[in-house]
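For clarity, every value in this text was computed on a predicted model and none was experimentally measured. Every chain is numbered from 1, with letters handed out A, B, ... down the list of sequences.
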Amino acid sequence: MRIVVLGAGTVGSSIANRLCREGHSVTVVDKDATHARRVYDEMDVRSVTGSAANSSVLFQAGMLGADLCLAVTGSDEVNMIAASMAKAMGARRAIARVYASVFRDLSTFDYQRHFQIDRMLSLEHLSAMELAREIRHPGAVAVESFARGELEMQELIISEGTAAVEVPLRDLKLPCGVRIGSISRGGELKIARAEDRVAPGDRITLIGTREDIDEVRGKFQKSPRPKQGVVIAGGGETGYHLARVLEGRRFAVLLMEVDRQRCEFLAAHLKQTTVVNADAQRRASLEEERVGSADVFVACTGEDEDNIMSCVEARELGARTIMCVVGRPDYANVVGKLGIDHTVSPRKVIAKEVMSFLNTGAVISRTPLAADEGIEILEIEVVDGAPATEHVLAGLDLPPQCLIGAVIRENYVMVPGADDRFTAGDTVVALVETSAVEQTVKMFSSNGG
Amino acid sequence: MKFADFISQDAICAELKATDKEGVIREIVQALLDAGRVESDEFEGVVKAILKREELGSTGIGRGVAVPHTKHPSVDQLVGTVAVSKTGVDFASLDGEPVHLFFLLISPPHRPGDHLRALENISRQLRNDTFCRFLKQAKNPADIQLVLEEADNNQFGS
């Protein structure tokens with residue numbers, strides 16, 4: 001594929017490098033001639049020097065008719081403008097990296113839709129999601145958020161003697177916003193069907209809004225596990241998003257942040273998190289906040305060195321699981337040796353996300369539900385004249401190994417019922433067994449083929 | 001959008017005489033004028049507009065190809081043509097190589113979408129090495145026209 005990467009910083013060059021190694025034709029643009037030169041010298045890419053928001057530069061970079069534009073410069077505004085121009089110039093897909101969460105919020109203004117960008121990604125948000133997944137389900141599957149964060153997918157294990165056991169799924173009376181996606185039993189993973197019944201020990205995935213999922217959790221799980229204590233060092237974007245997804249019934253979250261003003265913001269926005277104005281670099285503060293008895297300690301200040309230092313302290317104080325955000329690739333080797341259980345690298349996280357966009361046709365993104373297990377999460381755009389628009393959902397010839405999780409229409413996310421009908425412009429989130437992907441995608445392609 | 005939608009067959013040049021950037025642009029626009037696609041009293045204006053765009057950054061995108069273009073109110077539909085230079089022209093290209101193959105496009109300002117689609121089509125086709133080679137080897141305008149028709153029928157598989 002022809003991919004134009006805007007920005008040759010840490011993120012841009014690491015993605016360019018990976019795409020190159022996978023055999024794609026990559027052009028990198030950077031306003032700094034030395035950066036552009038460096039990537040040109042180090043890898044097999046074309047490079048152009050100039051501003052990413054400059055039409056003449058984008059023209060030279062071959063944006064007209066490119067397959068994918070990745071706008072990952074250091075500036076949110078430049079990224080949005082450039083990604084939007086890329087789409088207007090005929091790039092098939094455009095992704096913009098943004099830092100400030102306001103750009104991904106739809107309540108006042110929908111930037112993504114206005115600028116016609118396919119995805120706005122925040123490194124900090126993605127890193128927080130990756131940490132949250134590791135905390136919620138150590139070593140297990142997705143806690144992905146879809147439909148621009150409005151929809152979640154959560155995994156849970158069925159407890160003995162709960163209301164759901166041995167009842168056909170169709171009779172479970174789940175609220176209309178929640179759907180069971182897949183059932184995994186004895187190592188075999190499959191798409192859930194209406195006549196299926198769950199048994200104790202099964203792992204299921206639920207798709208829906210977090211509130212709805214939390215509400216139905218009791219049908220499947222007996223008394224939830226005792227609350228786990230999570231201490232987060234650093235209240236920047238990553239720490240904030242992490243606290244926001246974790247806080248609630250299952251986790252007692254304590255967030256340490258040095259900046260007093262930021263603490264006020266955090267305290268106002270995180271209703272169930274304890275925000276303390278303290279420096280996680282100081283051993284005394286860690287002791288005072290009883291980090292030693294925490295189940296999980298996460299360091300996500302903006303500085304690698306600070307993160308590593310406080311992780312080492314927390315480990316020594318006795319925190320059970322230690323997690324760390326590490327940006328510099330050079331440190332990866334060291335952190336394992338220091339007793340840090342899990343590290344998240346923002347570069348890797350965004351690279352993984354980008355890889356899911358290397359598709360053709362109607363498919364926007366394609367992500368495996370779990371490693372090597374045969375179910376994929378597809379995000380598909382509904383185009384004019386697709387067979388999927390011809391009938392209501394019940395009348396469509398979709399393969400049984402495909403489950404429509406949600407539809408995003410005009411900004412709103414809904415879980416469609418049998419009587420709903422897709423229209424061009426919708427985005428569909430579907431869980432599909434790998435063997436049925438081709439057949440499913442056909443239904444959404446303009447000529448049915 | 002297809003080449004047939006905007007390339008003026010009568011203005012195709014298989015053998016450019018000019019050897020510098022401005023000269024080449026003048027020669028191609030003159031060909032469009034001779035073909036009745038550009039008004040004679042608009043000639044200087046069109047040439048200036050194209051040169052002004054070049055000042056922002058060369059449209060020589062490397063591999064011996066350049067796509068000089070502009071929007072100009074004197075045209076009421078997309079006007080474009082193809083020109084080949086056997087000797088090659090220094091066009092301040094990205095890769096520093098001389099340019100042999102020129103696609104020149106002038107669009108009316110009120111159709112920005114068509115302008116982009118035409119540029120997109122040109123850019124897409126120019127990525128195909130076979131397409132470029134065939135154009136450079138063409139001996140006369142009729143040969144070039146034939147290659148363009150083949151590209152319109154997706155015979156180069158891009």
Side-chain angles (χ1 to χ4, degrees), chain A residues 1-6 8 23-33 35-37 39-41 44-69 81-94 115-116 360-361 447 449, chain B residues 1-3 6 21 49-71 78 80 91-97 99 102-105 107 109 111-129 131-132 151 154 156-158:
Chain A
M1 285 192 175
R2 293 181 179 272
I3 301 164
V4 182
V5 179
L6 306 174
H24 298 288
S25 155
V26 180
T27 304
V28 179
V29 174
D30 200 283
K31 66 177 191 302
D32 184 330
H35 286 184
R37 184 79 219 171
V39 291
Y40 180 77
D41 288 340
D44 182 22
V45 297
R46 275 185 3 124
S47 80
V48 178
T49 304
S51 163
N54 178 324
S55 61
S56 141
V57 171
L58 295 182
F59 180 82
Q60 290 180 332
M63 193 63 91
L64 288 134
D67 292 300
L68 179 63
C69 162
I81 291 173
S84 181
M85 288 168 70
K87 284 288 281 204
M89 289 180 157
R92 263 186 1 92
R93 303 276 181 225
F115 287 107
Q116 299 281 306
T360 50
N447 48 10
Chain B
M1 189 177 281
K2 291 179 183 292
F3 286 127
F6 59 90
K21 191 168 190 169
I50 295 173
L51 287 170
K52 200 167 153 217
R53 166 61 184 83
E54 290 297 324
E55 281 169 21
L56 293 172
S58 174
T59 59
I61 47 180
R63 295 168 43 246
V65 171
V67 191
H69 59 264
T70 192
K71 287 186 192 152
L78 271 69
F91 217 74
S93 278
L94 268 188
D95 57 0
E97 296 290 317
V99 173
F102 298 88
F103 276 79
L104 186 138
L105 181 71
S107 308
R111 285 169 61 184
D114 288 348
H115 178 66
L116 285 172
R117 294 293 78 77
L119 284 175
E120 187 190 337
N121 181 42
I122 296 171
S123 305
R124 237 181 240 286
Q125 299 285 4
L126 284 175
R127 284 176 193 151
N128 189 302
D129 288 329
F131 173 69
C132 291
N154 292 321
F156 295 100
S158 62

*Would you give the length of the straight line joining atom CE of Met63(A) to atom CG of Leu119(B), rounded to the nearest 0.5 angstrom?*
14.0 Å
*Select one option (side chain, backbone, both, neither) describing which atoms of Val57(A) are under 4.5 Å from chain B's heavy atoms.*
neither
*Validation row: Phe103(B), Phe3(B) side chains within 4.5 angstrom (heavy atoms)*: yes
*Do you know which two heavy atoms are closest between Ala94(A) and Ala83(A), and how far apart they sit?*
CB-O, 3.5 Å
*asked:* For a 4.5 angstrom cut-off between non-hydrogen side-chain atoms, does Phe6(B) reach Ile122(B)?
replied: yes
*Spacing of CG belonging to Leu126(B) relative to CG belonging to Leu64(A), to within rounding of 0.5 Å*: 11.0 Å
Cross-chain donor-acceptor list, chain A x chain B, under 3.5 angstrom:
| unit_1 | atom_1 | unit_2 | atom_2 | d |
| --- | --- | --- | --- | --- |
| Arg46(A) | NH1 | Ile61(B) | O | 3.4 |
| Ser56(A) | OG | Leu56(B) | O | 3.2 |
| Gln60(A) | NE2 | Ser58(B) | O | 2.7 |
| Gly62(A) | O | Arg127(B) | NH2 | 2.9 |
| Leu64(A) | O | Arg127(B) | NH2 | 2.7 |
| Gly65(A) | O | Arg127(B) | NH1 | 3.1 |
| Ala88(A) | O | Arg117(B) | NH2 | 2.9 |

*Of all the heavy-atom pairs spanning Val99(B) and Gly64(B), show the shortest one and how long it is.*
CG1-O, 3.5 Å
_Can you tell me which portion of Ile61(B) sits under 4.5 Å from chain A's heavy atoms? Options are side chain, backbone, both or neither._
both
*Which heavy atom of Leu116(B) sits nearest a heavy atom of Ala88(A), and at what distance?*
CD1-O, 3.3 Å
